[in-house]
Amino acid sequence: MKNKLILAIASAPYSIATRLMPGLLLSVALLVGLQLALINPAQARSYDDILAAGRISVAVYRDFPPYAYEVDGKATGLDVELAREIAAGLGVELDLHWMIADENLDDDLRNHVWKGHYLARIEDEPMLRREVADVMLRVPYDREFAYKVDPDGRVINDLVHFFGPYQREHWGLVYDSQRMESFENLAVFQYERVGVEIDSLPDFYLSSAFRGRLRNNVEHYSSTALALDAMAQGRVPAVMGMRSQLQWGVGGLAGSERIKTADIPFPNLTKRHWDVGMAVKDAHRQLAYRIEDVIDQLVANGQMKALFGRFGVDYSRPDRYRVQ
């Protein structure tokens, strides 16, 4: 309707347009103002707001096993269970905020922590609204990333507070011991095929290793889970990916007893392991401190280790807890 009014003014004779302009512009202004009022900016909530509402929204990545996924319509996974523990520790109910990964983590933080995606909708609201979560899980806990700057020298994620490392993640490699003998280094993949998730760090790493000599034997799949399925079906004898994904995936394969972990060096791999934590809007650090108290207790009493064990994943403490 707004566009039709503007077109009507533009196409009317000058004398008519001048008489109609004030009233029509007022109508247009009111319509635009109403629309903008309904398109709410993202509103991350403080700790007090969450307690008052009795609910906390926790962002997890959709279809990302073993961290967050659905089985028969029920949410499960390491991060989903951790989100439930956080809500219980704060004495509130949990609302899962499902995320679909954008082009990079900076986009995910903008869309789900401090600003909201311009296409985000609330189910019971017919008008477009932005929506963010109170806290986001599975964020790298890394000082260099937290203070990363753009070409103009501005901190990219200055509106985000990174906190609460709860897991140390690793890169790993598994192989089918019936199709490959044990090996000591990656040179074996000059002759054997290895599956990876496309455009992942293992993809780039293996494709460039040994001056590109492994490239032709790197088999690409849309996920690590599909690469493991390919290994189970005999299409590749080995897979490289995140250790927790490999452990969870191997546990669900027939003949998993013949799948072994390759304990070999990964020369020139920038980071073989890294800590995973959380993020909230920078202004809401009180919420972060309270959630950290919950995580500290889960680690100290062994519940975190038990949680990971339920999914067949070895729990590795992040640096925050290694000095205790």
Side-chain angles (χ1 to χ4, degrees), residues 56-87 94-113 117 120 131-142 145 160 162 164-174 195-204 220-232 239-253 271 273-280 295 304 307-316 318:
I56 186 171
S57 172
V58 180
V60 296
Y61 285 103
R62 183 182 293 277
D63 299 328
F64 191 34
Y67 315 111
Y69 57 106
E70 291 185 329
V71 176
D72 298 329
K74 182 179 180 181
T76 187
L78 294 169
D79 288 345
V80 170
E81 296 305 320
L82 180 57
R84 289 174 175 145
E85 293 288 348
I86 290 171
L94 172 65
D95 292 322
L96 281 177
H97 175 107
W98 292 102
M99 299 183 292
I100 297 176
D102 210 317
E103 291 186 3
N104 56 55
L105 182 57
D106 298 326
D107 292 337
D108 293 342
L109 291 166
R110 180 188 66 246
N111 294 338
H112 302 285
V113 174
H117 196 284
E131 182 184 12
V132 295
D134 299 314
V135 58
M136 175 177 168
L137 303 190
R138 199 138 298 272
V139 177
Y141 185 75
D142 179 86
F145 175 80
V160 178
F162 299 92
Y166 59 91
Q167 176 200 5
R168 168 162 286 191
E169 185 59 272
H170 303 253
W171 294 114
L173 194 151
V174 295
V196 297
E197 181 176 336
I198 191 168
D199 292 337
S200 63
L201 187 145
D203 178 11
F204 300 132
H220 297 98
Y221 298 90
S222 59
S223 69
T224 300
L226 290 177
L228 289 170
D229 287 341
M231 183 173 66
V239 173
M240 183 176 177
M242 287 190 288
R243 188 182 71 177
S244 52
Q245 284 192 309
L246 295 175
Q247 291 180 334
W248 176 83
V250 167
L253 296 178
K271 287 187 177 181
H273 55 75
W274 65 99
D275 289 349
V276 177
M278 312 178 193
V280 296
I295 299 301
M304 188 74 77
L307 187 157
F308 276 71
R310 296 206 301 269
F311 293 88
V313 175
D314 293 334
Y315 178 61
S316 183

Exercise. Is a side-chain N or O of Tyr166 found less than 3.5 angstrom from the main chain of Arg138, in a donor-acceptor match?
Worked result: yes
Seminar exercise, completed: By ring-ring contact (aromatic ring centres under 6.0 Å, His included), Phe64 pairs with (sequence neighbours left out) Tyr67
For this session: Please test Met240 against Leu173 for side-chain contact (heavy atoms from CB on, under 4.5 Å), starting from the C-alpha separation and ending with a verdict.
Result: CA-CA 4 Å; Met240 183 176 177; Leu173 194 151; 4.2 Å; yes
Problem set entry | Whether His112 and His97 hold their rings parallel, tilted or perpendicular, with breakpoints at 30° and 60° | perpendicular
Exercise. Atom CD1 of Ile56 and atom CG of Leu94: how far apart are they, to the nearest 0.5 Å?
Worked result: 8.0 Å
Exercise. Are any non-hydrogen side-chain atoms of Val174 and Met231 less than 4.5 angstrom apart?
Worked result: yes
For this session: For Arg243, enumerate each residue passing the salt bridge (Lys or Arg N to Asp or Glu O under 4.0 Å) test, keeping only those at least two apart in sequence or located in another chain.
Result: none
Exercise. Backbone N or O of Met242 within a donor-acceptor pair of the Glu169 side chain at under 3.5 Å?
Worked result: no
For this session: Locate the shortest heavy-atom distance separating Val280 from Val113; write the atom from each residue and the value.
Result: C-CG1, 3.5 Å
Exercise. Does the side chain of Phe311 come within less than 4.5 Å of Thr76's, by heavy atoms?
Worked result: yes
Problem set entry | Residues Asp142, Lys271; criterion side-chain contact (heavy atoms from CB on, under 4.5 Å); working and verdict | CA-CA 11 Å; Asp142 179 86; Lys271 287 187 177 181; 2.4 Å; yes
Problem set entry | Student check: side-chain heavy atoms of Leu137 and Ile86 closer than 4.5 Å | yes
Seminar exercise, completed: The reported gap from NE2 in His170 to CG in Leu246 (rounded to nearest 0.5 angstrom) is 12.0 Å
Exercise. Would Leu82 and Met278 satisfy side-chain contact (heavy atoms from CB on, under 4.5 Å), going step by step from the backbone distance to the final call?
Worked result: CA-CA 11 Å; Leu82 180 57; Met278 312 178 193; 4.2 Å; yes
Problem set entry | Interatomic spacing from CD1 in Ile100 to CG in Asp102 - rounded to 0.5 Å | 10.0 Å
For this session: Taking all non-hydrogen atoms of both residues into account, name the closest pair between Val132 and Ser57 and its distance.
Result: O-OG, 4.4 Å
For this session: Considering non-hydrogen atoms only, spot the tightest contact between Tyr141 and Gly164 and give its length.
Result: CE1-N, 4.4 Å
For this session: Under the salt bridge (Lys or Arg N to Asp or Glu O under 4.0 Å) rule, collect the residues that match up with Asp107, sequence neighbours excluded.
Result: Arg110
Problem set entry | For Phe145, ring-ring contact (aromatic ring centres under 6.0 Å, His included) partners two or more places apart | Phe162
Problem set entry | Donor-acceptor contact present, side-chain Gln245 to main-chain Pro65, <3.5 Å | yes
For this session: Evaluate side-chain hydrogen bond (donor to acceptor under 3.5 Å, both in side chains) for Asp108 paired with Tyr61, printing each intermediate quantity in order.
Result: CA-CA 10 Å; Asp108 293 342; Tyr61 285 103; 2.7 Å; yes
For this session: Measure the CD-OG1 distance between Glu197 and Thr224 for me, rounded to the nearest 0.5 Å.
Result: 4.5 Å
Problem set entry | Residues in ring-ring contact (aromatic ring centres under 6.0 Å, His included) contact with His220, at least two apart in sequence or another chain | none
Exercise. What's the verdict on side-chain contact (heavy atoms from CB on, under 4.5 Å) for Met136 and Leu105, showing C-alpha distance, side-chain angles and the deciding distance?
Worked result: CA-CA 11 Å; Met136 175 177 168; Leu105 182 57; 3.9 Å; yes
Problem set entry | Closest approach of Tyr221 to Ala230 (non-hydrogen atoms, all atoms of both residues) | OH-CB, 3.3 Å
For this session: Mind listing the closest non-hydrogen atom pair of Asp203 and Asp199 along with its distance?
Result: OD2-N, 2.8 Å
Problem set entry | Whether over 12 other heavy atoms sit under 6.0 Å from Ile198 CD1 | yes
For this session: Search all heavy atoms of Pro165 against all heavy atoms of Ile295 and return the closest pair with its distance.
Result: O-CG2, 4.3 Å
Exercise. Looking at residues at least two apart in the chain, or sitting in another chain, which of them share a ring-ring contact (aromatic ring centres under 6.0 Å, His included) with Tyr69?
Worked result: Trp248
